[in-house]
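Below is one structure, written out as structure tokens, with a few remarks after it.
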Amino acid sequence: MNRWLAIVFVSALATACGSRDVPVIEMEQKPSIKENMINANRYMSKAEDTQIDELVRRNGWQAQKLSNGVRVWEYSAGQGARLTYENVVNIRYNLSAISLDAIYSGVEKTVTVGKSDIVPGLDSGLLELRRGSKAKVIVPAYAGYGVAGDGDKVPQNATLIFDLEIL
């Protein structure tokens, strides 16, 4: 008898779940961690870009914005052709944060454009200048030392302003 009841119960259950249309409710998917990080980076980059634009406007700098977000203002033009990849030049610079607080002063370096141990944003800024130029090169954090800083005086996520002279 128990066996007979079990067979009837299973049969009834199988027919009850048969062909009825059951509405499908789609659950809203939460964004992945990767998507959240991408959106956060976009927001931070946009906010930094706005801060740089405001700094340039407030100080009356006639800075040119490069495709990578670096701004270059050549306030004293040098002589000759623009620097090119692999030019070896001596530079002297003061480095400050976007707050204009000094980080380094009077740094002198010999650099090979495109091949030295300088931040990528400064490298791209040098390509807009000539020997003898004096300029401000404003480097967003992602083209500078990024989230790590320089391990010494440059803080994390710092927008950098190089006030430099190509000697």
Side-chain angles (χ1 to χ4, degrees), residues 28-167:
E28 188 176 316
Q29 291 184 358
K30 293 181 180 178
S32 69
I33 292 174
K34 181 179 178 181
E35 289 170 333
N36 284 337
M37 293 301 290
I38 289 169
N39 290 334
N41 281 328
R42 283 186 186 133
Y43 175 79
M44 289 181 349
S45 292
K46 179 75 172 155
E48 183 180 30
D49 199 52
T50 301
Q51 287 178 331
I52 294 170
D53 286 343
E54 178 57 25
L55 173 79
V56 167
R57 186 199 59 74
R58 189 174 55 244
N59 288 291
W61 299 341
Q62 302 300 309
Q64 160 192 349
K65 184 176 180 180
L66 307 181
S67 62
N68 62 356
V70 170
R71 274 59 159 206
V72 179
W73 176 41
E74 185 179 32
Y75 58 84
S76 179
Q79 301 298 315
R82 283 188 179 172
L83 298 179
T84 59
Y85 184 74
E86 294 188 344
N87 281 155
V88 177
V89 294
N90 294 315
I91 61 172
R92 180 183 310 127
Y93 65 86
N94 297 320
L95 178 62
S96 60
I98 196 165
S99 62
L100 301 179
D101 293 331
I103 298 174
Y104 292 110
S105 296
V107 177
E108 290 195 29
K109 248 184 180 178
T110 300
V111 298
T112 303
V113 179
K115 289 191 161 192
S116 289
D117 63 342
I118 58 175
V119 295
L122 178 56
D123 219 22
S124 62
L126 289 176
L127 290 169
E128 301 298 315
L129 303 171
R130 300 163 178 74
R131 292 182 191 273
S133 291
K134 291 183 180 180
K136 291 196 185 289
V137 178
I138 306 166
V139 179
Y142 59 83
Y145 289 101
V147 296
D150 74 347
D152 190 14
K153 293 183 179 182
V154 176
Q156 299 174 334
N157 293 316
T159 302
L160 304 173
I161 302 169
F162 290 88
D163 190 354
L164 64 86
E165 178 179 7
I166 301 173
L167 307 172

Between OG1 on residue Thr159 and CD1 on residue Ile161, distance to nearest 0.5 Å: 8.0 Å
Whether Ser124 side chain and Gly121 backbone form a donor-acceptor pair below 3.5 Å: yes
Side-chain donor/acceptor of Asn59 to backbone N/O of Leu55, under 3.5 Å: yes
Minimum-distance pair of heavy atoms, taken over all atoms of Gly144 and Pro120: O-CD, 4.3 Å
Asp123 side-chain N/O to Val113 backbone N/O, donor-acceptor pair under 3.5 Å: no
Non-hydrogen atoms of Ile118 and Lys109 that approach each other most closely: CG2-NZ, 4.1 Å
Gap separating the CD1 atom of Ile98 from the CG atom of Leu160, nearest 0.5 angstrom: 9.5 Å
Contact check, side chains of Lys115 and Tyr85, non-hydrogen atoms, under 4.5 Å: yes
Beyond-backbone contact of Glu108 with Leu167, side-chain heavy atoms, under 4.5 angstrom: yes
Parallel, tilted or perpendicular: ring planes of Tyr93 versus Phe162, cut at 30 and 60 degrees: perpendicular
Asn87 versus Thr84, side-chain donor and acceptor atoms under 3.5 Å: yes
Within 6.0 angstrom of Gln79 CD, more than 12 heavy atoms from elsewhere: no
Nearest-0.5 Å distance, OG of residue Ser96 to CG of residue Asp101: 8.0 Å
CG/Leu100: more than 12 non-hydrogen atoms of other groups inside 6.0 Å: yes
Ile138 side, atom CD1; Ile52 side, atom CD1 - distance, nearest 0.5 Å: 6.5 Å
Side chain proximity check, Tyr145 to Val139, heavy atoms < 4.5 angstrom: no
Short side-chain to backbone donor-acceptor contact, Arg58 and Val56, under 3.5 Å: no
Close side-chain approach of Ile91 and Leu126, heavy atoms under 4.5 Å: yes
Expected output: side-chain Glu48 to main-chain Ala141 donor-acceptor under 3.5 Å: yes
Check: Leu122 and Val111 side chains under 4.5 Å, non-hydrogen atoms: no
pair Leu83-Arg131: side-chain heavy atoms closer than 4.5 Å: yes
Asp150 side-chain N/O to Asp152 backbone N/O, donor-acceptor pair under 3.5 Å: yes
Donor on one side chain, acceptor on other, Asn90 and Thr110, under 3.5 Å: yes
N/O donor-acceptor pair under 3.5 Å between Tyr142 side chain and Asn68 backbone: yes
Option from Arg92, Lys136, Lys134 for which side-chain hydrogen bond (donor to acceptor under 3.5 Å, both in side chains) with Asp163 holds: Lys136
Identified side chain to side chain contact (heavy atoms under 4.5 Å, CB included) counterpart of Arg71 within the set Glu128, Gln62, Lys65: Lys65
